[in-house]
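This report concerns only the one structure given below.
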There are 2 protein chains.
Amino acid sequence: MKPTVHDIARTAGVSLATVDRVLNDRPGVRAKTRERVTEAMNSLGYVRDVGAANLARGKLYQFDFIFPDNENTFMQSLRAELESAAERSLSERVLINVVLVPAFDEGALVEALNACVNRKPDGVAFVAVDTDPVREACVRLSGQGIHAVTLVSDLGNSTRAHYVGIDNGAAGRTAARLLGLFASGTNGAIAVIAGSLKVHDHQERFDGFAAAMKTDFPQHEILPILEGFDEGARVEKLVSELLAKRSDVVGLYSLGAGNSGLVKALAAHSSINRPLVVAHERDAVTSQALKEGLIHAVLAQDAGHEIRSAIRVLKASADRLAIVPGQEHIRIEIFLKDNLPQLD
Amino acid sequence: MKPTVHDIARTAGVSLATVDRVLNDRPGVRAKTRERVTEAMNSLGYVRDVGAANLARGKLYQFDFIFPDNENTFMQSLRAELESAAERSLSERVLINVVLVPAFDEGALVEALNACVNRKPDGVAFVAVDTDPVREACVRLSGQGIHAVTLVSDLGNSTRAHYVGIDNGAAGRTAARLLGLFASGTNGAIAVIAGSLKVHDHQERFDGFAAAMKTDFPQHEILPILEGFDEGARVEKLVSELLAKRSDVVGLYSLGAGNSGLVKALAAHSSINRPLVVAHERDAVTSQALKEGLIHAVLAQDAGHEIRSAIRVLKASADRLAIVPGQEHIRIEIFLKDNLPQLD
DNA sequence: CTGAAAGCGCTTACAG
DNA sequence: CTGAAAGCGCTTACAG
């Protein structure tokens, strides 16, 4: 039915070993022989069976995933998705090893990366802290032929093979457009609350937001950014104080975590002049707030997709196979109350 | 390293054939024997290698995809994605057969479905026309043990095993909320243009849109629906006439195809009082219109994702394996000019 | 530079 | 009810 290596060997008049050599671009085949085999492959319309190839190689893929031990809901769901993906991957000969490191701790991350250099897995995925020591550790990895992939937060200007995550600048601009369009009848002030601007993705989101706001909706004043360090209680206090002080706030962009505090502050505020709100990450808190009308739009990235994508990309790197770009593009998702997935 | 059937056979004191029987739940094993094998599997932490299993079965999966030969951009990209997926699938032992039928032609669809009953592929994916004859053809398929999956447009109350597509009612509600929030400062009229309300998904989108509009933004009058039959020229004419006649139109929801005509009509209209516009499907025309500010938001479904999902679901059905629900959920995507993918 | 043989982990007739 | 043997499509030492 479907031609196999045997068919090629027969029509090219060579052995299986030789077919395999040209199939995998290994040396030690005369140009002429190589040509005959290639010709046979083309004329028969050969397509290699990757499952059989992997089986024959008997290879077990080993991938390390290095995560910050952050307790925010997004990191939690990322870890949950990884665990269930790891279980499923076992039946496809990939073994996943999860390494937790203290959050925002550059030293710990470098150490974990170095540990990989010694254990030599086939690939590593990590949530980057964007500093030079991390960049150097990444270089050491690629030096050892270990494919590295950044997850959620990228490592700029580095040797990582791929970044699995959203474009945070674009996310910020998207938030600006949503708020700008939502608040088009007004010209009040816009507030922004972040976790910390020291975090790369938060900074990027803010930059994108501020730039788009200034360009396309200049009538709105952007208030000095508030830093809530992703903690609900702190966010609640900051937002409550702000709303009490400034009655002209028409829009609010929450670009970090700690949304439980945000929602509490909004609910406590007079429903007459609540601001229009765009927040990040879909979880139980933001979904509920969307339904109640406290938050008007949520920007999100799909943790499950990110995990599956990282594994596919790592596997493709190990096998030197191409990826399907459309499948690995992580979208900036926008949720209103109406397009939330049912089961939440 | 990873335990295999041999390990189980040895520790349970049985042959490979017996291990295989309990592994695949086949009859002809004494309860006691079955128990011993199960125990061995658990104690060793056995996980079956699906690649090896498929190879041994030597099975070639055959799936039929039945598409309307519609020329709108969405159907085009659906077909393009299918072709590239089909090529890749070959290396995973799945053979895809594309069948084109005249659009909206229930008889042709039924005929194509019946042809499947004879050719007996392992599964069928089709864009449903929602009528009883189609439902009956679907019953015949399941009667033959052929797994059927609907794509893009569902077949209500039927024996299809799965629906790959978006919730069109929710899409309509999402459009209503976007327009309602965008136009919150005003109370003008809202226009809706569809392909044809005889098409199931268009009707669903309209129903969702009208319901959400009435409930949450009752200040806006909804004008009688316009039917452009997904043709650019017709849509252009209808929209031009409308905008000329009614200067109070603040919002427009285009829930079908033919957006090239929509964009022309908008561009020709005085830029002072252009309406806020939400349209469906991301393509070259709508992407460009987003960038130029003629369209403000685009609702979309990812054709590549839908095709890959259909294939995965069909394969899982054939193997009686579970799917990963989160991976198969087709999202209602929202695009603003800021979160468009780069390469368009 | 090339080939014969064994093996990857599973399944499938077939025999008993 | 159970097992021995061959085979799925590829790869890998090893020998020449």
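Chain identifiers are assigned alphabetically (A, B, ...) following the order of the sequence lines, protein sequences preceding nucleic acid strands; residue numbering begins at 1 within each chain.
In terms of phosphate contacts, R30(B) brings a side-chain nitrogen or oxygen within less than 4.0 Å of OP1 or OP2 of dT2(D). Distances shown here put every side-chain N or O of R57(B) at or beyond 4.0 Å from the OP1 or OP2 atom of dG7(D). Within the 4.0 Å cut-off from OP1 or OP2 of dT11(C), not a single side-chain nitrogen or oxygen of R21(B) is found. At the phosphate of dG9(C), neither OP1 nor OP2 sits under 4.0 Å from any side-chain N or O atom of T4(B). Phosphate proximity of dG3(C) to T18(A): present, with a side-chain N or O under 4.0 Å from OP1 or OP2. Listed pair R93(B) / dC8(D) fails the phosphate criterion, with no side-chain N or O lying under 4.0 Å from OP1 or OP2. Between T33(B) and the phosphate of dT2(D), there is a side-chain N or O to OP1/OP2 separation shorter than 4.0 Å.
The main-chain N or O of L321(B) is never found under 3.5 Å from a side-chain atom of K315(B) such that the two would form a donor-acceptor pair.
Atoms CZ (R26(B)) and P (dT2(D)) sit 15 Å apart, rounded to a whole Å. If you take CG of N24(A) and C1' of dA13(D), they are 15 Å apart, rounded to a whole angstrom. Distance CG (D25(A)) to P (dT11(D)): 12 Å, rounded to an integer number of Å. Following rounding to the nearest Å, D319(B) (CG) and dT11(C) (C1') show an atom-to-atom distance of 13 Å. L55(A) has its CG atom 9 Å from the C1' atom of dG7(C), to the nearest Å. If you take CZ of R36(A) and P of dC1(C), they are 14 Å apart, rounded to a whole angstrom. When the C1' atom of dG9(D) is taken as reference, atom OH of Y46(A) falls 7 Å away, rounded to whole Å. Taking atom CG on L23(B) and atom P on dT11(C), their separation rounds to 6 Å, with Å as the unit.
A side-chain donor-acceptor contact under 3.5 Å links N24(A) and R48(A). Side-chain atoms of N54(B) and R93(B) form no donor-acceptor pair, as typed in the model, at a separation below 3.5 Å. No side-chain donor from either of Y46(B) and D7(B) sits under 3.5 Å from a side-chain acceptor of the other.
No engagement by V50(A) is indicated, since no non-hydrogen atom pair under 4.0 Å with the nucleic acid exists. Nucleic acid contact class of D20(B) (heavy atoms, under 4.0 Å, all strands): base. Using a 4.0 Å heavy-atom cutoff across all strands shown, V5(A) reaches at least one base atom of the nucleic acid. Using a 4.0 Å heavy-atom distance criterion, G28(B) is classed as a base contact. Using a 4.0 Å heavy-atom distance criterion, V14(B) is classed as a sugar-phosphate-only contact. Heavy atoms of A53(A) sit under 4.0 angstrom from primed sugar atoms or phosphate atoms, though from no base atom.
Residue-to-nucleotide proximity on DNA chain C shows that, of R34(A) and A52(B), the 5′-proximal contact is made by R34(A).
Of the listed nucleotides (dC10(C), dA4(D), dT11(D)), dT11(D) has the atom at the smallest distance from the side chain of A56(A). Distance from the side chain of H6(A) is smallest for dC10(D) among the nucleotides dC10(D), dC8(D), dT11(D).
The neighbour count for N157(A) CG, taken as heavy atoms of other residues, nucleotides or ligands under 6.0 Å away, does not exceed 12. The number of heavy atoms from other shown groups lying within 6.0 Å of CD (Q76(B)) is above 12. Counting non-hydrogen atoms of neighbouring residues, nucleotides and ligands closer than 6.0 angstrom, the CG atom of N118(A) exceeds 12 such neighbours.
Two residues are said to be in side-chain contact when any heavy atoms from C-beta on lie closer than 4.5 Å; T150(A) and V127(A) fail this criterion.
Rounding to the nearest 0.5 angstrom, the gap separating the OH atom in Y61(A) from the CD atom in E92(A) is 10.5 Å.
Taken together, the paired segments of DNA chain C that extend over three or more consecutive Watson-Crick or G-U pairs, each closer than 3.5 Å at both contacts, are C:1-3 with D:14-16, C:5-12 with D:5-12, C:14-16 with D:1-3.
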